[in-house]
Amino acid sequence: MLGAMLQETDSETSREGLEDFGGAPTEPGANRAERLLADLNEPQREAVCHGEGPLLVLAGAGSGKTRVLTHRIAYLLATGAARPGEILAITFTNKAANEMRERVGALVGRSVRAMWVTTFHSACARMLRADAERLGYSRGFTIYDESDSLRMLKRCMEELHVDPKRYPPRAIRSQISGAKNQLVDASAYAAAQGSIFEETAAEVYALYEKRMLEANAMDFDDLLVRTVNALELFDEVRERWRRTFRHVLVDEYQDTNHAQYRLLQLLTSEHGNLMVVGDEDQSVYGFRHADIRNILDFERDFPEAEVVKLEQNYRSTQTILSAANAVVERNRERRPKRLWTELSGGEPLQLSELADEHEEARWVAAEIERLGEEDGVRREDVAVFYRTNAMSRVLEDTLVRYELPYQVIGGTKFYERAEVKDAIAYLSLIVNPADQVSFARIVNSPRRGIGKTSQGRLAAHANTTGLPIWEVAGRAEEVPGLGAAAIKAVSRFHQTMEGLRAQADSAPVASLLEAVLCESSYLEALAAERTIEAEGRAENLEELVGVAGEFDVNRELEGGGDVSPLEEFLQQISLYTEQDGLSDESAITLMTLHNAKGLEYDTVFVIGCEDGAFPHMRALEEGGEEEERRLCYVGITRARRRLYMTWTRERRLFGRAERNLPSRFVDELPAELTERHSSAPGAGTAWEAETFAGGAESLDPAPALRTGDDVVHASFGDGVVTAVEPGGVVVVRFSGDGAERKLMADYAPIRKR
DNA sequence: TCTTCGCGGTATGGC
DNA sequence: ACCGCGAAGA
């Protein structure tokens, strides 16, 4: 059995609890430490046993990095090098943090509760709750998600009369976000302005910062930046956290940005106990301003650092690893390394070209069905990855028709639904009376006769007086220009909410939420709609109450901190994206390639492998080919045994059919590791697979073009065919500029001469 | 002030 | 194909 040969790798959580000393860490430390090292390979052991000072673990895909992290934490405790409360372990996603917490818990028992095992963002939020006041925020600050912060940004642009047509708010925000992650504040940014666009962005940046502070709100970037600010500005704060976290461990270090790097530096520069684990080949968050230089330059930044390389892979077959290596080796921004495994051989990669996304979806569904029937492959061992969320739709429809249960990770999020956001806005306003965006969201929802004009007057008054918006609402009669009817409506709303605020400190979150939904008449308004949609929305709110109830119970058990339950609840869910949630036990898993990082599946399909989709056009325009290639590497290395990649000749985008060429990454796979299939062009729905072992030659169906033919292209002129590829693709080298271009033989304005 | 209709932008990726 | 926003009408 293949499985028996595999050492436990990253995403298998269940087995860890069965080994070592489970939840009973009562034996002497030396024995415990010994046992922790027992089934590690040499470099893994070296990393776990590392003493004081910086440590870089270069961990290739599937090389057991989570194992090294969790065992090192346990080892630090067992040898007495650290107490549980001195550990800060950081990951990038909540999911990864939960998994790490679980696995550490399995090794060390309940002392995991004293550790901070969490994401960068929630660690920062926790630290800021204690020290935000020094920066002019109050501890009940609200965390704005993307849409909230974009709202705020739009308001600022309006106020400055910046035309959103000429300056798209998203572009401005990305500019601001980039500056923040480089720790460039508004005035420094303004001082360095160049183009008119940047000048405009600088102006918006400054006002945005001001209004965010007044609203006592932080966006995701602020959480990092403000924490860095607090640590840099206040010796006392810095010393306190340095003393607290004697050992800092960071997972996925290749995804850190400059602010995060600075944060780690501030926390660890004194004792130097920083362990980072990462793999530059899996750096795929450049768009979030991650800086791959952080991992590439680690030894330069921390000169005494010890470096350990983990290159033995315990996950995939040699075929899959060879394919992954072949792709990623084309990148320049990397250290030389090569994954290897004791599992030689393996099935070849299956590459399939299909007519369009519908055929692709049917092909995938049918293949999953076949694997289940013929090879006994379980659905929960199958995952389908795609580059963009939009690609899941057609596949979902098809899986439903095939009656194949599936679950989608990520994508449309529960917490982004309007009604859920409304409910949360009510709660936010209770905690943070200055929260303008939440106020604007709910003041007239349900309708209370407080329209746009009145809202504008309230906001303007808050801005000019500097009073929290809630204060302004409480003194509506003082707001210039507000009509009598509006004053009455605002006052009533204010009164209702004041009543709810009075309960906020003591009541469990669930009952508070229920009271909010009732007394605000929100549920009543939904019921009055009498539509299926409204019913669904009410159900979602019920689910949110359920989430709150769960939170209350957990808090009861764990005896929450010094923060009010409501504050803690809000913080938790504002940093919460779609977790695996109710992970379905017998379903196929669908997700983006980005979401797939850190996971593994027996059988993996990567769909939509077309140039322009993957690598994505936009990424290529931004010079991100290497990052896209790394994403491909991530996708390939998720597979344990079987890997499929598919692309389509045509795909609908914005309702428009686009013609595609296969992804350049497909061509980078060594032919001897792959098998190609192609559906007959023009066969419509009833296609028949033709199989061609080894790829490239002679699959071209209709066109008579062959390698070596001289051709003329309507705009590129004379050229010669250098290769013929599946799907009617010919590669032509043109004499005009000497460049090679891929063309669709059927559609390109090209003829033989 | 609220509702409806139609247009246009949108859909790389996520804490 | 879908959602959000603005214009126009009730």
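Residue numbering restarts at 1 for every chain, and letters A, B, ... go by the order of the sequence lines.
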Proximal nucleotide (of [options]) relative to the [X] side chain:
X        : options                : result
A:Asn444 : B:dT1, B:dC2, B:dA11   : B:dC2
A:Arg170 : C:dC2, B:dA11, B:dG13  : B:dA11
A:Phe654 : B:dG13, B:dG14, B:dA11 : B:dA11
A:Phe287 : B:dA11, B:dG13, B:dT1  : B:dG13

What's the [atom1]-[atom2] distance between [X] and [N], to the nearest Å?
X        : N      : atom1 : atom2 : result
A:Phe385 : B:dG13 : CZ    : C1'   : 15 Å
A:Asn98  : B:dC15 : CG    : P     : 12 Å
A:Arg656 : C:dC2  : CZ    : P     : 17 Å
A:Glu416 : B:dG14 : CD    : P     : 10 Å
A:Met157 : C:dC5  : CE    : P     : 14 Å
A:Glu146 : B:dC15 : CD    : C1'   : 9 Å
A:Met127 : B:dC15 : CE    : P     : 21 Å
A:Leu150 : B:dG9  : CG    : C1'   : 14 Å

- Note on the structure: Residues at least two apart in sequence or cross-chain that pass side chain to side chain contact (heavy atoms under 4.5 Å, CB included) with A:Ser574, listed by chain then number, are A:Ile143

- Could you list the residues that satisfy side chain to side chain contact (heavy atoms under 4.5 Å, CB included) with A:Arg334, not counting sequence neighbours? A:Glu280, A:Asp281, A:Val328, A:Glu329, A:Asn331, A:Lys337

- DNA chain C: A:Arg151 or A:Arg393, which has the more 5' nearest nucleotide? A:Arg393

- Query: If you find the nucleotide of DNA chain B closest to A:Glu627 and the one closest to A:Pro168, which residue's nucleotide is nearer the 5' end?
  - Reply: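 That would be A:Pro168.
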
- Please tell me which of A:Thr388 and A:Gly449 maps to the more 5' nucleotide of DNA chain B, matching each residue to the nucleotide holding its nearest heavy atom. A:Gly449

Just to be sure I understand the rule, does [X] reach a base, reach only the sugar-phosphate, or reach nothing, if contact means heavy atoms closer than 4.0 Å?
X        : value
A:Tyr285 : sugar-phosphate
A:Glu622 : base
A:Phe92  : sugar-phosphate
A:Ser574 : nothing
A:Thr93  : sugar-phosphate

Is the shortest side-chain N/O distance from [X] to OP1 or OP2 of [N] below 4.0 Å?
X        : N      : result
A:Thr592 : B:dT12 : no
A:Ser122 : B:dC15 : no
A:Asn595 : B:dG13 : no
A:Asn389 : B:dG13 : yes
A:Ser454 : B:dT1  : yes

- State which residues pass ring-ring contact (aromatic ring centres under 6.0 Å, His included) with A:Tyr522; sequence neighbours excluded, sorted by chain then number. none

- Message: If you compare all heavy atoms of A:Lys597 against all heavy atoms of A:Tyr285, which two are closest, and at what distance to 0.1 Å?
- Response: CE-CE1, 3.9 Å

- Message: For a quick test of reading the model, state the closest non-hydrogen atom pair linking A:Ile442 to A:Phe493 and the distance between them.
- Response: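 That would be CD1-CZ, 4.1 Å.
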
Listed pairs, N/O of protein and of nucleotides 3-8 of chain B, under 3.5 Å:
from, atom 1, to, atom 2, distance (Å)
B:dT3, OP2, A:Arg447, NE, 3.0
B:dT3, OP2, A:Arg447, NH2, 3.4

- Query: Which value, rounded to the nearest 0.5 Å, describes the distance between A:Asn294 atom CG and A:Thr256 atom OG1?
  - Reply: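 Result: 4.0 Å between the selected atoms.
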
- Task: May I ask you to check whether A:His594 and A:Phe287 place their ring centres under 6.0 Å from each other?
- Result: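 Yes, ring centres under 6.0 Å apart.
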
- Task: May I ask you to check whether over 12 heavy atoms, not counting those of A:Arg151, lie within 6.0 Å of atom CZ?
- Result: no

- Query: Without hydrogens or angle criteria, can the side chains of A:Gln254 and A:Arg630 be said to hold a donor-acceptor pair below 3.5 Å?
  - Reply: no

- Full working for side-chain contact (heavy atoms from CB on, under 4.5 Å) between A:Thr648 and A:Glu359: CA-CA 8 Å; A:Thr648 65; A:Glu359 194 184 70; over 6 Å; no

- Query: Would you say A:His121 stacks on B:dC15, if stacking means ring centres under 5.5 Å apart and planes within less than 30 degrees?
  - Reply: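 A:His121 ring does not meet the centre or angle cut-off for B:dC15; no stack.
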
- Query: What are the residues of residues 253-267 of chain A, sorted by number, that bring a heavy atom to within less than 4.0 Å of DNA chain B?
  - Reply: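 Close to the strand, none.
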
- A:Arg262: partners by salt bridge (charged side-chain N to carboxylate O under 4.0 Å, His left out), with sequence neighbours left out: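 For A:Arg262, the residues satisfying salt bridge (charged side-chain N to carboxylate O under 4.0 Å, His left out) (neighbours in sequence not counted) are A:Glu232.
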
